Asker: 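One structure, as structure tokens, below. Some questions next.
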Amino acid sequence: MSVVIVGGNERMVRQYKELCRSYNCNARVYTNMNAGLKNMGSPDLLVLFTSAISHTMVRCALREARGDHVRVARSHTSSMAALRGILERHVVQEEA
């Protein structure tokens with residue numbers, strides 16, 4: 001399963017990726033607005049940490065995910081516990 005995380009803390013990118021890897025997910029993390037966000041592909045799950053990004057970045061991520069049947073999970077906090085909860089809800093249900 002592929003996961004794209006938009007937002008979050010730059011210092012926690014490695015931890016986000018390791019947590020996703022423990023759920024057998026490939027993760028890409030975009031903590032700031034850059035050209036790569038426009039080429040994020042079609043992930044299975046899009047995670048938006050809304051407190052750490054601008055409204056423009058949220059709209060850009062949602063526009064890129066539109067039409068690809070991408071599940072979107074929003075969280076106001078960008079903690080590991082929040083990401084773990086999102087992965088529990090979306091990844092475990094899919095594999096069950």
Side-chain angles (χ1 to χ4, degrees):
M1 178 175 190
S2 63
V3 177
V4 171
I5 300 171
V6 178
N9 189 337
E10 283 186 40
R11 294 179 180 164
M12 293 182 63
V13 169
R14 184 175 51 83
Q15 287 98 342
Y16 294 149
K17 288 182 178 183
E18 286 176 0
L19 181 61
C20 289
R21 195 173 306 123
S22 72
Y23 283 88
N24 295 321
C25 297
N26 296 325
R28 282 180 278 156
V29 182
Y30 300 99
T31 57
N32 52 19
M33 190 76 166
N34 59 16
L37 185 60
K38 294 192 183 233
N39 299 321
M40 69 179 182
S42 57
D44 298 312
L45 175 64
L46 173 63
V47 178
L48 297 172
F49 289 138
T50 57
S51 67
I53 56 175
S54 67
H55 294 287
T56 305
M57 196 166 170
V58 170
R59 285 192 299 269
C60 180
L62 290 173
R63 186 174 39 247
E64 289 300 313
R66 187 182 316 142
D68 291 334
H69 300 1
V70 176
R71 287 180 287 167
V72 178
R74 296 177 189 230
S75 175
H76 187 67
T77 62
S78 57
S79 65
M80 292 296 288
L83 181 58
R84 187 175 293 114
I86 290 169
L87 292 173
E88 283 288 326
R89 281 192 303 275
H90 293 278
V91 176
V92 175
Q93 288 179 356
E94 180 181 283
E95 293 176 358

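Fair warning: this is a prediction, and the values are worked out from it, not measured in the lab.
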Asker: Quick one: pull up CG in Asn32 and CE in Met57 and give me the separation to the nearest 0.5 Å.
Answerer: 6.0 Å
Asker: Quick one: do Arg74 and Val58 satisfy side chain to side chain contact (heavy atoms under 4.5 Å, CB included)? Show the steps, please.
Answerer: CA-CA 10 Å; Arg74 296 177 189 230; Val58 170; 4.2 Å; yes
Asker: If you measure from OH on Tyr23 to CZ on Arg84, what distance do you get to the nearest 0.5 Å?
Answerer: 6.0 Å
Asker: For Ser75 versus Ile86, what's the shortest heavy-atom pair and its separation?
Answerer: CB-CD1, 3.9 Å
Asker: Check for a donor-acceptor pair, side chain of Arg28 on one end and backbone N or O of Met40 on the other, with a separation under 3.5 Å.
Answerer: yes
Asker: Would you give the length of the straight line joining atom CG of Leu87 to atom SG of Cys25, rounded to the nearest 0.5 angstrom?
Answerer: 5.5 Å
Asker: Ser79: which residues meet the side chain to side chain contact (heavy atoms under 4.5 Å, CB included) condition with it, sequence neighbours left out?
Answerer: Thr77, Ala81, Ala82
Asker: Strictly by ring pair (Phe, Tyr, Trp, His ring centres under 6.0 Å), give each pair with a member in residues 60-80 just once, sequence neighbours left out.
Answerer: none
Asker: Please output the side-chain donor-acceptor pairs of residues 1-13 that fall under 3.5 Å, not counting sequence neighbours, one pair per line with the distance.
Answerer:
residue	atom	partner	partner atom	Å
Ser2	OG	Asp44	N	3.2
Asn9	OD1	Arg11	N	3.1

Asker: Determine the minimum heavy-atom distance between Lys17 and Ala27, stating which atoms define it.
Answerer: CE-O, 4.0 Å
Asker: Write out all pairs satisfying ring pair (Phe, Tyr, Trp, His ring centres under 6.0 Å) with one or both partners inside residues 2-21, taking only residues at least two apart or from two chains.
Answerer: Tyr16-Phe49
Asker: Filter on salt bridge (charged side-chain N to carboxylate O under 4.0 Å, His left out), then keep only pairs touching residues 49-67, sequence neighbours left out; what's left?
Answerer: none
Asker: Nearest heavy-atom pair of Ala73 and Leu45: which atoms, and what distance?
Answerer: CB-CD1, 4.2 Å
Asker: What distance separates Met33 CE from Ser54 OG, expressed to the nearest 0.5 Å?
Answerer: 6.5 Å
Asker: Can you name the residues that form a side-chain hydrogen bond (donor to acceptor under 3.5 Å, both in side chains) with Arg14, not counting sequence neighbours?
Answerer: Glu18
